[in-house]
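Written below as structure tokens is the structure these notes are about.
Worth knowing before you read on, the calculation uses all heavy atoms, side chains too, and leaves out hydrogens, waters and symmetry mates.
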Amino acid sequence: KFYDSLFSNFKVIPVKSCEKVINNCKVLNKENHLNFNRKVYGIIDNDFKTEDEILKYQDNNVYTLPYSEIENLFLSSYVVDYVCKKYNLEDKIDKFKDSIMKKAKDDKIGIIQDYINKSYLKIQKTGHLNYNEDIDTLKIEIDQININNKNQFIENLDKFITEFNELLSNNNYEEIIKKYPNKGFMACIKTLGVDKYTFISWVIDLSKNDNNFKNIIIDKVFNNFID
């Protein structure tokens with residue numbers, strides 16, 4: 001419903017996973033006659049994607065959100081501030097943002113674990129093996145790839161943890177919301193005095209009926225979505 005309200009001149013078709021979005025866009029844009037020569041665009045969550053991945057997906061008209069998940073976008077400062085002003089909840093914004101930061105600090109290990117599980121699987125796929133009927137040579141090649149992957153992964157993890165700690169120490173609300181997935185963030189909406197479903201319905205309603213709000217979202221998030 002949110003994308004329907006933002007892109008009223010498009011036919012929005014939800015699919016169940018990022019992989020299906022990517023594959024559908026790739027196939028339908030490559031075999032354009034199957035789609036009556038219309039372009040197909042996709043939007044996927046960021047979810048710890050690398051710059052290389054983001055650029056690769058763009059080649060198939062797949063846009064990666066700058067936010068980890070669409071729910072995180074709903075919690076961005078410009079959305080929360082606008083919605084709270086509209087519904088006379090401005091006096092509760094600071095308390096709400098404090099609760100988000102506390103949740104991020106409390107769930108720090110879980111967020112790092114999430115990054116480890118998702119990123120380690122991806123880095124394992126970067127090796128390419130050659131087989132020339134020599135098992136011993138293949139074993140050596142596998143060992144070397146594993147060493148290289150481990151070293152690269154630990155380097156990436158160190159950078160991730162360092163940046164995460166700095167953002168937590170500086171109480172950088174906007175970057176925490178943008179970069180890190182945590183389903184528990186949405187539960188913090190209760191500090192505004194409403195449940196998350198009401199809040200989301202307000203966001204969707206505003207994106208549909210308030211052009212100023214809609215333009216803010218498009219300018220800050222989707223201004224490079226379509227050439």
Side-chain angles (χ1 to χ4, degrees), residues 2-3 6 18 43-54 63-87 89-123 153-200 202-204 206-207 213 216-225:
F2 178 66
Y3 289 134
L6 284 182
C18 290
I43 300 174
I44 58 176
D45 292 340
N46 188 290
D47 204 19
F48 302 131
K49 290 181 177 58
T50 65
E51 282 299 316
D52 287 343
E53 288 177 293
I54 291 170
Y63 176 81
T64 303
L65 285 174
Y67 288 84
S68 181
E69 299 173 336
I70 186 63
E71 291 88 349
N72 293 52
L73 167 58
F74 294 164
L75 303 178
S76 63
S77 288
Y78 46 86
V79 171
V80 170
D81 293 353
Y82 197 100
V83 172
C84 286
K85 183 177 181 180
K86 191 77 173 180
Y87 290 93
L89 299 173
E90 291 174 283
D91 60 323
K92 299 181 179 181
I93 292 175
D94 288 343
K95 181 180 178 182
F96 165 73
K97 292 183 178 180
D98 287 344
S99 71
I100 290 285
M101 293 306 303
K102 182 179 185 304
K103 185 65 176 171
K105 292 172 182 176
D106 289 346
D107 293 353
K108 173 182 169 181
I109 298 301
I111 292 171
I112 294 172
Q113 186 69 55
D114 190 28
Y115 171 83
I116 288 172
N117 289 331
K118 291 173 179 174
S119 299
Y120 186 65
L121 286 174
K122 288 190 289 187
I123 206 167
F153 175 72
I154 294 301
E155 181 181 339
N156 293 345
L157 178 60
D158 284 341
K159 290 179 181 178
F160 178 87
I161 293 174
T162 298
E163 181 183 30
F164 190 20
N165 283 332
E166 288 177 354
L167 294 174
L168 289 174
S169 296
N170 295 328
N171 286 315
N172 193 324
Y173 174 86
E174 193 59 37
E175 288 301 306
I176 291 292
I177 282 296
K178 181 177 288 187
K179 293 177 181 290
Y180 307 111
N182 187 326
K183 297 299 183 184
F185 287 162
M186 289 299 290
C188 295
I189 288 175
K190 65 185 179 184
T191 60
L192 295 174
V194 298
D195 61 67
K196 65 180 181 180
Y197 302 106
T198 298
F199 184 86
I200 291 172
W202 286 349
V203 173
I204 294 173
L206 286 171
S207 63
F213 180 74
I216 289 172
I217 298 296
I218 291 176
D219 180 62
K220 289 186 175 292
V221 183
F222 299 103
N223 58 332
N224 295 320
F225 175 38

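For Glu53, the salt bridge (Lys or Arg N to Asp or Glu O under 4.0 Å) partners two or more places apart in sequence, or in a different chain, are Lys122. With sequence neighbours excluded, no residue forms a salt bridge (Lys or Arg N to Asp or Glu O under 4.0 Å) with Glu174. Checked against salt bridge (Lys or Arg N to Asp or Glu O under 4.0 Å), Glu155 has the following partners two or more places apart in sequence or in another chain: Lys159.
Taking the six-membered ring for Trp and thresholds of 30 and 60 degrees, Phe222 and Tyr3 have ring planes more than 60 degrees apart, a perpendicular arrangement. Ring geometry for Phe48 against Tyr180 counts as tilted: the plane angle lies between 30° and 60°, on a 0 to 90° scale.
At least one donor-acceptor pair closer than 3.5 Å links the side chain of Asn182 to the backbone N or O of Gly184. Under a 3.5 Å cut-off, the side chain of Asp45 and the backbone N or O of Leu65 do not form any donor-acceptor pair. Using a distance-only test at 3.5 Å, with no hydrogens or angles considered, no donor-acceptor pair links the side chain of Asp114 to the main chain of Gly110.
Asn171 and Lys105 are linked by a side-chain donor-acceptor pair at a separation below 3.5 angstrom, with hydrogens and angles left out of the test.
In this structure, Lys190 places its NZ atom where only 12 or fewer heavy-atom neighbours from other residues, nucleotides or ligands lie under 6.0 Å away.
Summarising the geometry, atom CZ belonging to Phe213 is positioned 8.0 Å from atom CG belonging to Leu6; distances are rounded to the nearest 0.5 Å. Residue Ser76 holds its OG atom at 12.5 Å from CD of Glu71, rounded to the nearest 0.5 Å.
Evaluated for a ring pair (Phe, Tyr, Trp, His ring centres under 6.0 Å) with Trp202, the options Tyr197, Phe2, Tyr87 yield exactly one hit, Tyr87. When each of Ile217, Val83, Asp219 is checked for a side chain to side chain contact (heavy atoms under 4.5 Å, CB included) with Tyr78, only Ile217 meets the rule.
Shown here for Cys188 and Ile100, the closest heavy-atom pair between the two residues is CB-CD1, 3.8 Å.
Checked for salt-bridge contact, Lys97 and Asp81 meet the test: a charged N lies under 4.0 Å from a carboxylate O.
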Report task. Could you give me the CA-CA distance, side-chain angles and deciding distance for Lys179 and Asn72, then say whether side-chain hydrogen bond (donor to acceptor under 3.5 Å, both in side chains) is met? Result -> CA-CA 9 Å; Lys179 293 177 181 290; Asn72 293 52; over 6 Å; no
